[in-house]
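Here the structure is laid out as structure tokens; the discussion comes afterwards.
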Amino acid sequence: TNEAEVKELVSNAGSIDILVANLAEPPMTSPVQNIQNSDWNKLFDSLVHPLMYLVRAVTPQMLERKSGKIIAVTSAAPLKGIANNAAYCAARGAQNGFIKAVGLELARKNIQANAIAQNYVNNDTYYPDDILDNEKFLDHVKRNVPTNKIGAASETAELAAYLANKNCNHMVGQIIPLSGGWAT
């Protein structure tokens, strides 16, 4: 989550052809008037700043090679908005805006940067296995997600694999919703 850790990580990794940045932090739900500075800062310190550090650290070697793939796993939350989650939507929206700009900036250098904006996908932070049998939660899903289900983590992995593929060269700066139709 800090610049020094990222520099060490990239240095130890050596040549990086594909960066998948999958950062997570629970939303810290509250009405806007009750957003705590500490919660706001934690979301940006966990989600936004590390994404920039990672992308900035791998970009020089990708520019030198004139190739690379950057895939951020972000959120569909800022695409639709969620009441009482303004801080989370702001941080995730900052990630999405960053990837859009980076994608455009690096496209002419044969580096593709895109984001998978997921929601309602099985993962340890937001939709862990233990919630998938909760009747109240399943009713919520049926009311809000057109597919009536939680997506499999493998769908995110397969979409990332496509974006990382050597033949995926014309998709840049895209924020791709993967949310069962919750956000389109």
Side-chain angles (χ1 to χ4, degrees), residues 1 18-36 39-40 42-52 54-55 69-103 112-165 168 170-184:
T1 58
I18 302 163
L19 169 67
V20 178
N22 187 3
L23 306 161
E25 186 65 45
M28 301 177 197
T29 303
S30 75
V32 67
Q33 70 273 16
N34 294 337
I35 294 173
Q36 300 295 308
D39 290 345
W40 177 273
K42 183 169 185 165
L43 286 166
F44 276 76
D45 288 344
S46 299
L47 300 172
V48 180
H49 302 136
L51 178 60
M52 188 276 294
L54 286 162
V55 171
K69 307 286 186 176
I70 298 169
I71 303 155
V73 180
T74 66
S75 175
L79 302 178
K80 186 169 181 172
I82 303 173
N84 297 312
N85 282 272
Y88 182 77
C89 287
R92 289 300 198 170
Q95 285 184 314
N96 289 343
F98 178 72
I99 290 299
K100 280 182 128 181
V102 167
Q112 295 79 44
N114 295 288
I116 300 170
Q118 64 179 22
N119 197 6
Y120 294 106
V121 173
N122 180 231
N123 64 67
D124 292 340
T125 303
Y126 305 105
Y127 300 102
D129 291 340
D130 64 346
I131 198 172
L132 301 181
D133 294 327
N134 179 300
E135 197 169 313
K136 184 177 177 182
F137 175 70
L138 293 174
D139 286 342
H140 166 84
V141 169
K142 287 179 182 173
R143 284 190 319 275
N144 292 286
V145 182
T147 60
N148 294 322
K149 61 184 175 185
I150 297 299
S154 60
E155 290 186 62
T156 302
E158 288 181 26
L159 182 51
Y162 168 71
L163 294 171
N165 187 292
C168 180
H170 203 59
M171 189 173 291
V172 296
Q174 296 300 300
I175 310 304
I176 306 163
L178 180 62
S179 62
W182 178 80
T184 57

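Basis for what follows: all heavy atoms, side chains included, without hydrogens, waters or symmetry-related copies.
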inquiry  = Looking at every non-hydrogen atom in both residues, tell me the closest pair between Ala117 and Ile175 and how far apart they are.
reply    = CB-CG2, 3.7 Å
remark   = On a heavy-atom basis, the closest approach of Tyr88 and Ala77 is CE2-CB, 3.9 Å
query = Is there a side-chain contact between Glu25 and Lys42 (heavy atoms, below 4.5 Å)?
reply = yes
Min side-chain heavy-atom separation Val141-Ile150 under 4.5 Å = yes
message = Testing the basics here: between Trp182 and Asn144, what is the closest heavy-atom pair and its distance to 0.1 Å?
response = CD1-O, 3.4 Å
message = For Asn85 versus Thr29, what's the shortest heavy-atom pair and its separation?
response = OD1-OG1, 3.2 Å
query = Considering only heavy atoms from C-beta outward, does the side chain of Lys69 approach that of Leu19 to under 4.5 Å?
reply = no
query = Is Pro26 close to Thr125 at the side-chain level, that is, under 4.5 Å between some pair of heavy atoms?
reply = yes
query = Would a 4.5 Å heavy-atom cut-off, applied to side chains only, mark Leu178 and Glu155 as touching?
reply = yes
inquiry  = If you count every heavy atom of other residues, nucleotides or ligands that lies below 6.0 Å from Asp124 atom CG, does the total exceed 12?
reply    = no
note = Nearest heavy-atom approach of Val48 to Ala94 is CG2-CB, 3.8 Å
ask   = Can Phe137 and Tyr127 be said to form a ring pair (Phe, Tyr, Trp, His ring centres under 6.0 Å), step by step?
value = CA-CA 10 Å; Phe137 175 70; Tyr127 300 102; 5.7 Å; yes
inquiry  = What's the separation between atom OG in Ser30 and atom CD in Gln33, rounded to the nearest 0.5 Å?
reply    = 8.0 Å
inquiry  = When you compare the side chain of Asn96 with that of Leu79, does any pair of heavy atoms fall below 4.5 Å?
reply    = yes
inquiry  = Tell me the closest heavy-atom pair linking Leu51 and Ala21, and the distance in Å.
reply    = CD1-CB, 3.6 Å
ask   = Is there a side-chain contact between Ile176 and Leu159, using heavy atoms and a 4.5 Å cut-off?
value = yes
key: Residue pair Gln118 / Thr156, side-chain donor-acceptor N/O under 3.5 Å   = yes
